Amino acid sequence: MKLPRTTLILILLALGLGGFVYFYEIRGATVREEINEQKQQIFSFAEDDVQFLTVKTKKLTLNLERSPESSNPKWLIKSPISAPANDAIVSYLMDLLVKGKSERTLSTPVKELGEFALDQPQATINITLKNRQSHQLILGKSNFNKRFLYAEADSAAKPDGNINVLLVSTDFANAVNRELSEWKQPVDNSQKLPGLSTPLPTPTNGK
């Protein structure tokens, strides 16, 4: 029995629409879910778990320790100088370490890490927790479109001998590539006597 042309067209359209729904809504959703799953948390510790930070760049090696006092500053610079740390700067880095995610993971042979500048990184961040567990984040170069950085987190060779290379936010580079003066707590130049909340007037000509 020959179907009318109009009916045949309607059947083909229905099949085409069904295929579109399957591949876009069902199969597409699965692919999107797989992509989202690749965006994994870099580390699982909380900010309050961190006791020590060491930030090593090509210009500076900075050692930070959480202050034993509950009041400001929260962090102290232990070397190369001894001084209170700029809490805003350290908090910016800590927020990235605690909340940062990897956009993608590349399984890479160790011999190819140089292609990502991970053999001579722009920065290495060592983290020591209060329970003495340690973590490390190594920052390499930017990817081809400058949107992400190549990185290694707690790198260890997998059974196949490869290393996981992560794509992380370029904010990490902004957070660590700083002058020593930026890491120090800003100095309040106003002259104050103990117990006074207002600065002393500036002397003028002995008057």
Side-chain angles (χ1 to χ4, degrees), residues 36-110 112-114 116-141 148-178 180 182-185:
N36 289 334
E37 286 178 353
Q38 290 179 350
K39 295 183 180 181
Q40 297 179 353
Q41 199 86 13
I42 301 174
F43 298 113
S44 60
F45 53 78
E47 180 176 350
D48 288 342
D49 294 335
V50 180
Q51 184 64 33
F52 302 98
L53 281 174
T54 297
V55 178
K56 183 178 181 180
T57 65
K58 294 182 178 179
K59 297 194 301 182
L60 177 69
T61 297
L62 184 82
N63 289 294
L64 297 159
E65 181 179 0
R66 183 180 292 276
S67 173
E69 305 294 334
S70 58
S71 58
N72 287 335
K74 293 180 182 178
W75 289 90
L76 303 172
I77 301 174
K78 306 302 289 185
S79 68
I81 61 172
S82 180
N86 187 322
D87 282 335
I89 296 297
V90 180
S91 293
Y92 177 55
L93 173 58
M94 283 298 308
D95 193 62
L96 291 171
L97 292 171
V98 170
K99 299 178 182 178
K101 292 184 178 181
S102 167
E103 295 291 322
R104 189 180 174 193
T105 301
L106 310 172
S107 182
T108 306
V110 175
E112 295 180 8
L113 292 179
F116 307 100
L118 290 167
D119 57 339
Q120 296 182 348
Q122 63 169 299
T124 301
I125 307 167
N126 290 304
I127 306 116
T128 304
L129 307 184
K130 292 177 180 177
N131 62 8
R132 296 299 174 180
Q133 288 184 0
S134 60
H135 298 275
Q136 185 181 68
L137 184 66
I138 301 173
L139 302 177
K141 67 179 182 180
F148 302 105
L149 295 177
Y150 295 114
E152 288 180 68
D154 293 341
S155 57
K158 299 185 297 180
D160 61 4
N162 287 358
I163 296 288
N164 280 337
V165 175
L166 314 179
L167 282 172
V168 302
S169 171
T170 55
D171 289 342
F172 278 101
N174 299 329
V176 297
N177 288 312
R178 300 180 180 275
L180 179 58
E182 294 181 78
W183 290 102
K184 292 170 56 179
Q185 180 174 275

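Remember, it's a predicted structure, so these values are computed and weren't measured experimentally. All residue numbers refer to positions in the sequence shown, counting from 1.
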Atom NZ of Lys130 with >12 non-hydrogen neighbours under 6.0 angstrom
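Counting other residues, nucleotides and ligands, NZ of Lys130 exceeds 12 neighbours.
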Return yes when atom CD of Gln120 has more than 12 non-hydrogen atoms of other residues, nucleotides or ligands closer than 6.0 Å, and no otherwise.
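No.
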State, yes or no, whether a side-chain contact exists between [X] and [Y] at a heavy-atom distance under 4.5 Å.
X	Y	result
Arg178	Thr57	no
Trp75	Leu93	no
Lys74	Val90	no
Lys99	Glu47	no
Thr61	Ser79	no
Lys56	Asn126	no

Under the salt bridge (charged side-chain N to carboxylate O under 4.0 Å, His left out) rule, collect the residues that match up with Glu152, sequence neighbours excluded.
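For Glu152, no residue satisfies salt bridge (charged side-chain N to carboxylate O under 4.0 Å, His left out) once neighbours in sequence are set aside.
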Partners of Lys78 by salt bridge (charged side-chain N to carboxylate O under 4.0 Å, His left out), sequence neighbours excluded?
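Counting only residues at least two positions away or on another chain, Lys78 forms a salt bridge (charged side-chain N to carboxylate O under 4.0 Å, His left out) with Glu65.
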[X] side, atom [atom1]; [Y] side, atom [atom2] - distance, nearest 0.5 Å:
X	Y	atom1	atom2	value
Asp171	Phe148	CG	CZ	10.5 Å
Asn86	Lys184	CG	NZ	11.0 Å
Leu180	Ile81	CG	CD1	4.5 Å
Thr108	Phe116	OG1	CZ	4.0 Å
Leu139	Tyr150	CG	OH	14.0 Å
Leu64	Leu53	CG	CG	5.5 Å

Atom of [X], atom of [Y] and distance for their closest heavy-atom approach:
X	Y	answer
Ala123	Val176	CB-CG2, 3.7 Å
Ala153	Ile42	CB-CG2, 3.8 Å
Leu76	Pro84	CD2-CA, 4.1 Å
Leu60	Pro80	CD1-CG, 4.0 Å
Val50	Phe52	CG1-O, 3.6 Å

Got a donor-acceptor contact below 3.5 angstrom from the [X] side chain to the [Y] backbone?
X	Y	answer
Lys58	Asn177	no
Gln122	Gly140	yes
Asn164	Ser107	no
Gln41	Val98	yes

Test of understanding: with ring pair (Phe, Tyr, Trp, His ring centres under 6.0 Å), list the residues that count as partners of Phe43, not counting sequence neighbours.
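Partners of Phe43 by the ring pair (Phe, Tyr, Trp, His ring centres under 6.0 Å) criterion, ordered by chain and then number, come out as Phe45, His135.
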Starting from the C-alpha separation in whole Å, work towards a yes-or-no answer on side chain to side chain contact (heavy atoms under 4.5 Å, CB included) for Ile77 and Leu62.
CA-CA 7 Å; Ile77 301 174; Leu62 184 82; 3.8 Å; yes
Taking side-chain contact (heavy atoms from CB on, under 4.5 Å) as the criterion, tell me which of Leu166, Val165, Leu167 meets it with Thr105.
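Of the listed options, the one satisfying the test is Leu166.
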